[in-house]
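All heavy atoms count here, side chains included; hydrogens, waters and symmetry mates do not. Start at 1 with the first residue, then count along the sequence.
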Amino acid sequence: MRVLGPKLPEWTDRIPQIRARLSTMTAPYIDLRQVAELFGVNPYQAGRVIRDIGPMLHGNSFVVDAEDIRELLSEAEREMEIRDLRRRLAEKDAEINQIRRK
């Protein structure tokens, strides 16, 4: 499941809170309203999250599996770690180049 693009969604800053709320939910499937509440986004953005994860039709509603949300959160955390490491590496590289110029 690769749903994160070049720019991380704004909800990535709230991953710990999302995980905490998700752990209190007992339903195996999460609908649009619940995704919006869980991620702290509007219904349009919640629909994008559902589409990105891969919706299932449950009754008359599209839903996502709670486990798929956990996977999305883990992927977002990994992506954030990679970006942080790349940023730090670029900063160190710039420091080294600056020292070499002196």
Side-chain angles (χ1 to χ4, degrees):
M1 165 191 329
R2 180 111 178 115
V3 298
L4 301 175
K7 183 180 174 203
L8 290 174
E10 54 88 20
W11 53 257
T12 55
D13 295 334
R14 297 187 300 275
I15 289 177
Q17 294 89 344
I18 295 169
R19 279 194 190 280
R21 283 191 227 146
L22 188 59
S23 69
T24 65
M25 300 175 88
T26 57
Y29 301 110
I30 313 294
D31 66 15
L32 179 73
R33 181 188 55 78
Q34 292 169 314
V35 168
E37 289 174 11
L38 186 64
F39 283 77
V41 297
N42 64 42
Y44 175 77
Q45 293 167 317
R48 290 187 68 195
V49 170
I50 288 175
R51 281 189 304 279
D52 288 345
I53 291 174
M56 298 178 283
L57 189 59
H58 187 70
N60 292 332
S61 301
F62 285 109
V63 298
V64 290
D65 190 305
E67 190 56 40
D68 289 342
I69 291 176
R70 287 182 186 89
E71 287 179 31
L72 174 69
L73 297 176
S74 294
E75 182 179 326
E77 287 172 326
R78 283 190 302 275
E79 196 65 36
M80 290 167 54
E81 289 173 9
I82 289 168
R83 288 178 188 205
D84 287 346
L85 288 171
R86 285 184 178 153
R87 181 186 46 80
R88 282 186 273 164
L89 182 59
E91 289 170 357
K92 292 294 181 189
D93 204 28
E95 286 177 27
I96 290 170
N97 287 335
Q98 188 176 24
I99 291 170
R100 284 184 181 159
R101 288 187 201 131
K102 290 183 179 180

Option among Leu32, Ile53, Asp31 that satisfies the side chain to side chain contact (heavy atoms under 4.5 Å, CB included) test with Val64:
Ile53

Holding to salt bridge (charged side-chain N to carboxylate O under 4.0 Å, His left out), I want the full list of residues that pass it with [X], two or more places apart in sequence or in another chain.
| X | result |
| --- | --- |
| Arg48 | none |
| Arg21 | none |
| Arg87 | Glu91 |

When rounded to the nearest 0.5 angstrom, what distance separates [atom1] in [X] from [atom2] in [Y]?
| X | Y | atom1 | atom2 | answer |
| --- | --- | --- | --- | --- |
| Asp84 | Leu89 | CG | CG | 12.5 Å |
| Leu22 | Ile30 | CG | CD1 | 6.0 Å |
| Asp93 | Arg86 | CG | CZ | 14.0 Å |
| Leu8 | Glu75 | CG | CD | 9.5 Å |
| Ile18 | Thr12 | CD1 | OG1 | 8.5 Å |

Worked verdict on Ile15 versus Met80 for side chain to side chain contact (heavy atoms under 4.5 Å, CB included):
CA-CA 11 Å; Ile15 289 177; Met80 290 167 54; 4.0 Å; yes

Using residues 35-46 as the side-chain source, report each donor-acceptor pair under 3.5 Å to any protein atom, sequence neighbours left out, with the distance given to one decimal.
unit_1	atom_1	unit_2	atom_2	d
Glu37	OE2	Arg33	NH1	3.0
Asn42	OD1	Tyr44	N	3.0
Asn42	OD1	Gln45	N	2.8
Asn42	ND2	Gln45	OE1	3.3
Gln45	OE1	Asn42	N	3.1

Mind checking whether Glu77 and Pro16 have side chains closer than 4.5 Å, heavy atoms only?
no

Is Val63 isolated, or which residues cluster with it under the ILVMFWY side-chain rule of less than 4.5 Å, directly or via members?
Tyr29, Met56

Please step through salt bridge (charged side-chain N to carboxylate O under 4.0 Å, His left out) for the pair Arg70 and Glu67, ending with a clear verdict.
CA-CA 5 Å; Arg70 287 182 186 89; Glu67 190 56 40; 3.7 Å; yes

Residue pairs passing the ring pair (Phe, Tyr, Trp, His ring centres under 6.0 Å) test with at least one member in residues 77-102, sequence neighbours excluded, are none

Please walk me through it: do Asp52 and Leu72 pass side chain to side chain contact (heavy atoms under 4.5 Å, CB included)?
CA-CA 9 Å; Asp52 288 345; Leu72 174 69; 5.9 Å; no

